[in-house]
Amino acid sequence: MELKDLKVEYQENPLGLDIKKPRFSWKLVSKEKDILQTAYRILVIKDGESVWDSGEKDCSSSVLIEYNGQELEPCTLYQVQVEVWDNKGHKAIASGSFETGLLKGTNFCADWITHDYPADETACPVFTKEFKVEKEISKVRMYATALGVYEIKLNGEKVGETYFAPGWTNYYKRLQYQTYQADGILPGENKLEITVGNGWYKGIFGFTCTPNHYGNRVAVLAEVHITYCDGSTEIIKTDDNWMVTTGIIRSSEIYMGETIDTCYKEENLSRVVLTTFGKERIVGQESEAVRITKRLPAKELIITPKGEKVIDFHQNLTGFVELKVTGKPGQKITIRHAEVLDKDGNFYPDTLRQAISIDQFICNGEEQTFLPHFTFHGFRYIAIEGLEEISLESFTACVLHTQMEETGTFISSNPLVNQLQSNILWSQRGNFLDIPTDCPQRDERLGWTGDAQVFAGTAAYNMNVASFFSKWLHDLASEQTEEFGVPHVVPNILGNQDGAAAWSDAAVIIPWVMYETYGDVRILEEQFESMKGWINYITARCETNGLWQTGFQYGDWLGLDKEEGSTERTGATDKYLVANAYYAYSTNIVRKTAEVLNKLEDVQKYDQLYQKIKRAINEEYITAAGRMVSETQTGCVLALHFDLAEEKYRKRILKSLETNITNHKNHLTTGFVGTPYLCHTLSENNLHDLAGALFLKEDYPSWLYAVKKGATTIWERWNSILPNGDFDTSGMNSLNHYAYGSIGEWMYRKLAGINQLEPGYKKILIKPEFIKGIHSVEATFNSMYGVIKSAWTCKDKKIKVDVEIPANTTALLYLPEKEKPLELGSGSYQFEYETETNLERDRFTMDSTLKEIFDEPVAIQILNQYAPEMMNHPMIEFAYQLSISEILATAPGETETLFKMVIDALNRTEILI
Ligand code: BGC
């Protein structure tokens, strides 16, 4: 047995940790089966002296064990040693370290510095300091933050790999600082330069594209702590001895792009101006930093019909483009960004709305590498101006996001589903840039709470999002008020608005998802007041019937079932049904949280409230005969999945749901609220086959429709691109919006069957469930205990299952088509047995709609050849949603032979994405 991945607060050997009681986690790894930890001992050492010895604890916990020693000191390195014993008599040791940060913002001894440039100066200020080092250095740490976004250079080299520091928080109450190792200090003269961009603090942001959301002047606070070999120390800090100038970044805005002029020489060096900004709100970086996580080569040069020179990276992504070029002095190269080309193949930046996203690089005649600093874009294509010859090798797309560990993989036998998984992952990458955003490209990029709420479950399979969400939840709580509840966006730059269901419920649901995924009780402790606060906010607004039926709601946002011609975006489901469904659901989570935290009074209080809301919902929204008031897919899904409907009504509601789906020829009509739960509800109520049929639909509206339209990320709308290649023109059409990617959780839970029976996966449930059209799935999830794997194939009359259970956990495995579950200890297990089940499915049948058939080029080719009169029939569009069998009921006999031929040809054609 070995110990691996010793983590302190989810990080390996963290620097600048500002947590008073950090938590330790480790993984036991062994080739033997049935390994369980029986005891551990944690030793924390400072300068060779123990500051905490947990002693040998007979305990199986190996996740998030809290430090319980002497009070930690700032800027101090602590060594950690963990010893573990298992049930097979083995012992293993792991060691690591953590270094505290300043621990308190008020421990910053530096002064805030700014400049006094006129308000219309767009260039980024560069704060500089020259200093001399005369002794040999043993250690350097740099602590820095800014109002704006900053980049530090030491002797011309970027310090650290972080972008967009200090990150976006509720600056009125919380501002993060970062800690750097800063190894580049030389004997003799040194130069520090800190450039500050407007970022979220001062930059143009929000729908209105207005500046100065938090302040109208950027500033910086930094200090370098040098420890010399002789034991003496020195601090170089921002103060009134620093100088400021403007540099080559002549302008930079997150939405608008950056202009870098390398011919620009600034002569004017002026003294900085001191300023103030409450240090008590400064906290150490709480999540992983934003970094360049991937670099994608340019794939294709396209000259569009309009003559634009366009590069295609074959992937919609968030970041910016690096350009290597030797231009003439003064030559200006312009890079514009877009997610998509229009149907004629021209550059189409309209999905960005007012965020013009233009980077401009002005060359100095040398060989140069240009890379923006304080802007990011959502794009797959760039259009280039100012460069005669374009060579693809000169352009690299740099992918930027919070650098979280990727924890999930999902591959199946269906290439369209695999592309869907890739799209989900890319939308997560693209939208987890310091905060969870709705989209990364247009004049929005805001921390919409609803989007984050519906996607959190999926996100937690794909990546370790514990620190990312706990940082954001701290901001959420800091923005929450009794008067307005939980804001719709966090950080909130939209001003005070009353809380809304499903959006504000992020306050309750996300901490619970984190607890279930990571076994993290601290998130619940920290957020408990905020969780209760949201429920109490609703309760205070309820009518005498105990229900919340007033005020603004988003309803089932972007649901397709709205009335014909309606411009409402809230779907057809009664908005207050949605609101009360969430009210009940979240109240129940608060009750469960109180149980975990052992707050007995709250358990009772929220239990009673929960029962009361459920009763009121049944009275108001379900008839005595068991029909939902909103008999929409989302309405039925909420009643069933949130367990709101009384037992006696469930059957009828399920039937309504089934009928609704079959009436839509197995298509969904759900928006943000219903979509995450739709397939779950079907799978959990004996309609898994229907969930499968719906999931594998390839025509509009469906997940795979976008995939077949060439999407490489998840779209905001089911019809962001219409079947004829036109775009949705509502002015709200992002092609990188993860909300509908929330199906990912169902893929992991039901198709792969990976679930937690106990928080943090201490006890695992593996229960894969087949659907027709997929004959193999292989998925892994790297839990806090280690990798869980579930892989199966069902082919040629054989079922094979391959499962891995990490050490120090146990599992319940339901083998497909076997009655009794197996109790498993850790280890790898393979099973193989006979079956009569055949999961092969013809993609096209007589039940396919005419539209599905018409979406296939092969079909169009055959039909054009054999039935041109049908193809040109003026009424043909009206038959699009009819199934082929329905059409054949009224069509002449030879049509049947023709469609049989088409369907046969399609089923033989390989799936092309
Ligand atoms: C965002 C959404 C968000 C919604 C709420 C949109 O503009 O992009 O994803 O949740 O507004 O109204």
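Whatever order the structure lists ligands and atoms in, that order sets their numbers, starting from 1. Fair warning: this is a prediction, and the values are worked out from it, not measured in the lab.
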- Note on the structure: Going by the 4.0 angstrom heavy-atom rule, the piece of Arg442 near ligand 1 is side chain
- Have a look at ligand 1 and work out which part of His737, if any, has a heavy atom under 4.0 Å from it: side chain, backbone, both or neither. side chain
- Query: His401: what forms a side chain to side chain donor-acceptor pair (under 3.5 Å) with it, not counting sequence neighbours?
  - Reply: Thr293
- Task: Kindly write out the residues that satisfy side chain to side chain donor-acceptor pair (under 3.5 Å) with Ser478, not counting sequence neighbours, or none if the list is empty.
- Result: Asn170
- Message: Salt bridge or not between Arg445 and Asp438? Use side-chain N to carboxylate O under 4.0 Å.
- Response: no
- State whether Arg442 and Glu716 are salt-bridged, where the test is any N-O pair (Lys NZ or Arg NE/NH1/NH2 against Asp/Glu carboxylate O) under 4.0 Å. yes
- For Thr634 and Asp556, what are the C-alpha separation, side-chain angles and deciding distance, and is it a side chain to side chain donor-acceptor pair (under 3.5 Å)? CA-CA 7 Å; Thr634 294; Asp556 186 24; 2.6 Å; yes
Please report which non-hydrogen protein atom sits nearest to [atom], along with the residue it belongs to and the distance in Å to one decimal place.
| atom | answer |
| --- | --- |
| atom 7 (O) of ligand 1 | Glu444 OE2, 2.5 Å |
| atom 4 (C) of ligand 1 | Trp557 NE1, 3.6 Å |
| atom 12 (O) of ligand 1 | Tyr554 CE2, 2.8 Å |

- Looking at Phe432, is Arg429 sitting on its ring face, NZ or CZ under 6.0 Å from the six-membered ring centre and within 45 degrees of the normal? no
- Message: I'd like to check which ligand 1 atoms, numbered from 1 as shown, lie under 4.0 Å from a non-hydrogen atom of Phe672.
- Response: 9 (O)
- Query: Which ligand 1 atoms, with their elements, are less than 4.0 angstrom from a heavy-atom of Glu716?
  - Reply: 8 (O)
- Using the side chain to side chain contact (heavy atoms under 4.5 Å, CB included) rule, take Tyr740 and Trp715 through it: C-alpha gap first, then chi angles, then the decisive distance, then the call. CA-CA 8 Å; Tyr740 292 154; Trp715 297 343; over 6 Å; no
- Task: Would you check whether Arg569 reaches within less than 4.0 Å of ligand 1, judged by its heavy atoms?
- Result: no
- Mind checking whether Asp451 has an N or O less than 3.5 Å away from an N or O of ligand 1? yes
